[in-house]
Structures are given as C-alpha cells and as structure tokens.
Amino acid sequence: MNHWSSRLPFYYGWLIVGIAFVTMAIGVTARTAFSLLMPPLIDEFGWDRGTVAGAFSFGFLVSALLSPIAGRVMDARGPRLVMLPGAALLAAGLFLAPAIGQPWHLYATLGVMVGAGANLM
C-alpha cells in the first residue's frame, strides 16, 4: 500500500517548507511590527515612549533567556513539543493585546507572550 504522500502531484517536502515559511513569517512579523504599534499606543494611553519601547525590549530579553531552554527541549523531545505551545502562546498574546489598559498588560502580552511564542516557533 502506498503512502498518501506518494499520490500528491508534488513533492511532500515542499509542503513542509511552505508551512514553515508561513509560520516564520507570521512569528517574525508579530515581533517586528511593534514599531507600527508604538505611536498609536503612546497616543491612546498617554504613556511615555520608554514605557512602550520597554515592552519590545523585554520581549527580546525573554526570547534570549528562553532560547537555550527551548533548544535543549527541542533536541531532547523534538520540535513538536516546542513549536505547538509557541504558536499557541503567540496567538494568545496577539488576541489579548487589544485588551491592554495598563503598562504591565503590554509587557505581559506583547512582551512575554508574543516574545516567547515567536521564539518557540
């Protein structure tokens, strides 16, 4: 009996490459689009630029601290155990971001959740 992937009109590996490309594009864009959010956040809440930019920097700090742990877990248990929670964390952070009202909400959603989720993806 042939595997289902042998019946595809293209090489199955290209599907994996395409999914990885889209996943990384979403993850990277979620982290680097912060500069577009900065002026509206400052205008909306009246926070100073340092408070808002600190959430972006904090996200990179979380990412840097999480990278060695994520790498070890991925080596030991495989990428599925790391990438699926990363995608869920990134999505949760992006879905909760519109509900921010205090600076710590910004740090928790766009800093910790999106930063860690994008790193794990």
Side-chain angles (χ1 to χ4, degrees):
M1 179 168 223
N2 289 338
H3 193 264
W4 64 268
S5 64
S6 65
R7 293 188 297 269
L8 291 174
F10 54 87
Y11 177 60
Y12 177 68
W14 288 115
L15 182 63
I16 300 300
V17 169
I19 291 169
F21 178 79
V22 170
T23 302
M24 290 304 298
I26 291 169
V28 169
T29 303
R31 295 226 19 222
T32 57
F34 190 80
S35 61
L36 298 174
L37 300 173
M38 199 162 159
L41 284 170
I42 292 170
D43 292 342
E44 177 73 22
F45 296 107
W47 299 334
D48 62 85
R49 187 173 291 275
T51 300
V52 177
F56 184 65
S57 300
F58 190 67
F60 277 107
L61 178 65
V62 167
S63 179
L65 295 173
L66 188 60
S67 291
I69 298 165
R72 286 191 182 254
V73 172
M74 194 177 289
D75 285 344
R77 304 287 177 142
R80 191 173 300 175
L81 186 67
V82 175
M83 292 179 73
L84 291 176
L89 196 58
L90 176 75
L94 291 175
F95 282 124
L96 290 172
I100 63 172
Q102 299 293 323
W104 73 269
H105 297 156
L106 180 67
Y107 278 72
T109 57
L110 295 178
V112 175
M113 295 174 81
V114 171
N119 180 274
L120 294 175
M121 283 178 40

Specify the closest pair of heavy atoms between [X] and [Y], including all atoms of both residues, with the distance to one decimal.
{"X": "Asn119", "Y": "Ser67", "result": "ND2-OG, 2.9 Å"}
{"X": "Ala70", "Y": "Leu120", "result": "CB-CD2, 3.6 Å"}
{"X": "Arg80", "Y": "Pro85", "result": "O-CD, 3.9 Å"}
{"X": "Ile42", "Y": "Arg49", "result": "CD1-CA, 3.9 Å"}
{"X": "Ala116", "Y": "Leu89", "result": "CB-CD2, 3.6 Å"}
{"X": "Met38", "Y": "Ala53", "result": "CE-CB, 3.8 Å"}

Would you say [X] and [Y] are hydrophobically clustered, going by side-chain heavy atoms of ILVMFWY under 4.5 Å?
{"X": "Leu66", "Y": "Leu61", "answer": "no"}
{"X": "Phe56", "Y": "Val114", "answer": "yes"}
{"X": "Leu90", "Y": "Leu110", "answer": "yes"}
{"X": "Met24", "Y": "Val17", "answer": "no"}
{"X": "Val112", "Y": "Leu65", "answer": "yes"}

Distance check, rounded to the nearest 0.5 Å: [X] atom [atom1] versus [Y] atom [atom2]?
{"X": "Leu96", "Y": "Leu106", "atom1": "CG", "atom2": "CG", "result": "12.5 Å"}
{"X": "Leu84", "Y": "Met121", "atom1": "CG", "atom2": "CE", "result": "10.0 Å"}
{"X": "Trp104", "Y": "Thr109", "atom1": "CH2", "atom2": "OG1", "result": "9.5 Å"}

Just checking [X]: does its [atom1] atom have more than 12 heavy atoms from other residues, nucleotides or ligands closer to it than 6.0 angstrom?
{"X": "Phe95", "atom1": "CZ", "answer": "no"}
{"X": "Tyr11", "atom1": "OH", "answer": "no"}
{"X": "Phe45", "atom1": "CZ", "answer": "yes"}

Practice task
Report the C-alpha separation of Leu41 and Ile100 in whole Å, then their side-chain angles, then the decisive distance to 0.1 Å, and conclude whether the side-chain contact (heavy atoms from CB on, under 4.5 Å) test is met.
Solution key: CA-CA 10 Å; Leu41 284 170; Ile100 63 172; 3.6 Å; yes
